[in-house]
Trainee: 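Attaching a single structure in structure tokens format; questions to follow.
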Amino acid sequence: MTLAETMAAIAAAGTAQTKKTLMNHGGREPISGVKVSDLKVILKQIRKDQALALALYDTGHYDAQYLAGLAANGALMTPAQLRHWAETPNAGVISEYTVPWVTAEHPDAWDIALSWIDDPAPEIAVSGWATLGGLLSLLPDEQIDVHKVLALLKRVEKEIHGAPNRVRYVMNGFVIGAGTYVDPAHAAAVAAARNIGTVTVNMGNTACKVPEAEGYIAASRGRPGGAKKKKTLKC
């Protein structure tokens, strides 16, 4: 499919109700309002067309950017391309999910994400923390530098309440990721969650709530078979 054909398919699949819901969650024009299940139907048609995925993202269109994240192979992207994605999201959902999906696939994902969390632009810092948290759920524990994770947990404890709105949300997610998926960091993450206490985030015109980290960790690890590492962040 060409870019024009793909954009036409996106437009045809959009609904007013889904558009309203997505905009309540921060999506902005241009946006068609396509359910993820319908985007995945289009995904099957475009397969893994890397050039098309990059072009879709550059439209700035919410649904096209979400689809681009499903289609792109982050391992084939350069750090500059990933940075470009982090700098140009349509919405917070793209910063928190789409960009980390592909960044986590890059061989240098950890170092790239570390450089982003210090960025003054909140959308880039959001993608950095979300990528780090995602990597904790993907990588085997033996491939994770636990000392760095522990240092980051201390940093979250110190900085989370003064961080920008959505940065607080993904910092909280990092604590949850460490406590849920990294056995050597579990105790430290639980302690950090207790020290942090309640995390307040403006969730906009939605009923969404900030997960309570300690309880979330306990519930995830308490499932039958415990918390299993993921094969991909994409969903």
Side-chain angles (χ1 to χ4, degrees), residues 1-74 76-77 81-82 84-105 121-124 126-127 129-131 133-134 137 164-170 172-173 176 201-211 216 230-235:
M1 294 176 70
T2 65
L3 176 61
E5 290 169 339
T6 308
M7 294 303 296
I10 289 172
T15 68
Q17 182 56 53
T18 301
K19 179 176 179 178
K20 179 180 179 181
T21 299
L22 294 176
M23 293 188 78
N24 282 342
H25 283 80
R28 301 181 298 233
E29 295 285 1
I31 181 172
S32 296
V34 185
K35 294 179 180 178
V36 174
S37 58
D38 291 330
L39 284 177
K40 289 183 177 180
V41 172
I42 302 173
L43 177 65
K44 290 181 180 179
Q45 299 176 62
I46 68 175
R47 298 181 183 272
K48 297 181 179 180
D49 188 329
Q50 187 78 357
L52 178 56
L54 298 177
L56 284 167
Y57 197 90
D58 280 343
T59 64
H61 187 284
Y62 176 93
D63 306 278
Q65 288 193 337
Y66 196 102
L67 178 60
L70 293 173
N73 182 348
L76 301 179
M77 295 174 68
Q81 287 173 320
L82 293 169
H84 171 64
W85 277 35
E87 290 174 341
T88 56
N90 174 286
V93 171
I94 305 299
S95 296
E96 293 175 28
Y97 299 98
T98 302
V99 176
W101 289 348
V102 295
T103 306
E105 295 177 329
E123 66 273 16
I124 297 175
V126 160
S127 290
W129 282 108
T131 299
S137 72
N165 192 57
R166 297 302 300 194
V167 178
R168 297 197 296 275
Y169 187 85
V170 290
N172 188 62
I176 291 172
V201 176
N202 181 352
M203 304 299 285
N205 189 27
T206 74
C208 298
K209 297 180 179 180
V210 181
Y216 196 99
K230 301 177 182 179
K231 295 182 179 180
T232 181
L233 298 180
K234 296 180 180 182
C235 61

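We use all heavy atoms of the structure for the numbers below, so side chains are in, but hydrogens, waters and symmetry mates are not. Please read these numbers as outputs of a predicted model, since none were measured by experiment.
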Trainee: Considering non-hydrogen atoms only, spot the tightest contact between Ala72 and Met77 and give its length.
Mentor: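 The answer is CB-SD, 4.4 Å.
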Trainee: Can you find a heavy atom in the side chain of Ile46 that is under 4.5 Å from one in the side chain of Leu56?
Mentor: yes
Trainee: In Å, rounded to the nearest 0.5 Å, how long is the span from OG1 of Thr206 to CG of Asn24?
Mentor: 8.0 Å
Trainee: Thr232: which residues meet the side chain to side chain contact (heavy atoms under 4.5 Å, CB included) condition with it, sequence neighbours left out?
Mentor: Lys234
Trainee: Heavy-atom distance under 4.5 Å between the side chains of Pro89 and Glu96, does that happen here?
Mentor: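 A side-chain contact is absent here, since even the closest heavy-atom pair is not under 4.5 Å.
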Trainee: For a 4.5 angstrom cut-off between non-hydrogen side-chain atoms, does Leu52 reach Leu3?
Mentor: yes
Trainee: State, to 0.1 Å, how close Val201 and Tyr169 come at their nearest heavy-atom pair, and which atoms those are.
Mentor: CG2-N, 3.9 Å
Trainee: To check you understand the geometry: which heavy-atom pair defines the closest contact between Leu67 and Leu39, and what is its length?
Mentor: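 So the two residues come closest at CD1-O, 3.6 Å.
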Trainee: Does the side chain of Thr18 reach to within under 4.5 Å of the side chain of Val34, using non-hydrogen atoms?
Mentor: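 A side-chain contact under 4.5 Å is absent here.
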Trainee: Determine the minimum heavy-atom distance between Ala53 and Ala68, stating which atoms define it.
Mentor: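 For Ala53 versus Ala68, the nearest heavy atoms are O-CB, 3.2 Å.
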Trainee: To the nearest 0.5 Å, what is the distance between CD on Glu5 and CD1 on Ile10?
Mentor: 12.5 Å
Trainee: Quick one: pull up OG1 in Thr6 and CG in Leu43 and give me the separation to the nearest 0.5 Å.
Mentor: 10.5 Å
Trainee: Would you mind listing every salt bridge (Lys or Arg N to Asp or Glu O under 4.0 Å) that reaches into residues 85-95, with sequence neighbours excluded?
Mentor: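 Those involving residues 85-95 are Arg83-Glu87.
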Trainee: I need the Lys20 NZ to His25 NE2 distance, nearest 0.5 Å.
Mentor: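 These two atoms lie 12.5 Å from each other.
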Trainee: Restricting to side chain to side chain contact (heavy atoms under 4.5 Å, CB included), what partner residues turn up for Met23, sequence neighbours left out?
Mentor: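 Partners of Met23 under the side chain to side chain contact (heavy atoms under 4.5 Å, CB included) test: Lys19, Glu29, Ile31.
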Trainee: Any heavy-atom pair between the side chains of Pro211 and Ile176 that's under 4.5 Å?
Mentor: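 A side-chain contact under 4.5 Å exists here.
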Trainee: For residues Trp85 and Pro100, determine if any side-chain heavy atom of one lies less than 4.5 Å from a side-chain heavy atom of the other.
Mentor: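 A side-chain contact under 4.5 Å is absent here.
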Trainee: Tell me, which pairs form a side chain to side chain donor-acceptor pair (under 3.5 Å) where one or both residues lie in residues 53-67, sequence neighbours left out?
Mentor: Ser32-His61, Asp58-His84
Trainee: Can you name the nearest heavy-atom pair linking Leu233 to Ser137, along with the distance?
Mentor: CD2-OG, 3.5 Å
Trainee: Which side chain to side chain donor-acceptor pair (under 3.5 Å) pairs, counting each pair once, include a residue from residues 37-56, with sequence neighbours left out?
Mentor: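 Counting only pairs at least two positions apart or across chains, no side chain to side chain donor-acceptor pair (under 3.5 Å) contact touches residues 37-56.
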Trainee: Any chance you could measure Leu82, atom CG, to Thr103, atom OG1, to the nearest 0.5 Å?
Mentor: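 Those atoms lie 4.5 Å apart.
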Trainee: Identify, with sequence neighbours excluded, every residue that meets salt bridge (Lys or Arg N to Asp or Glu O under 4.0 Å) alongside Glu123.
Mentor: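 If we apply the salt bridge (Lys or Arg N to Asp or Glu O under 4.0 Å) test to Glu123, skipping adjacent residues, there are no hits.
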Trainee: Locate the shortest heavy-atom distance separating Ile124 from Ala86; write the atom from each residue and the value.
Mentor: CG1-O, 3.7 Å
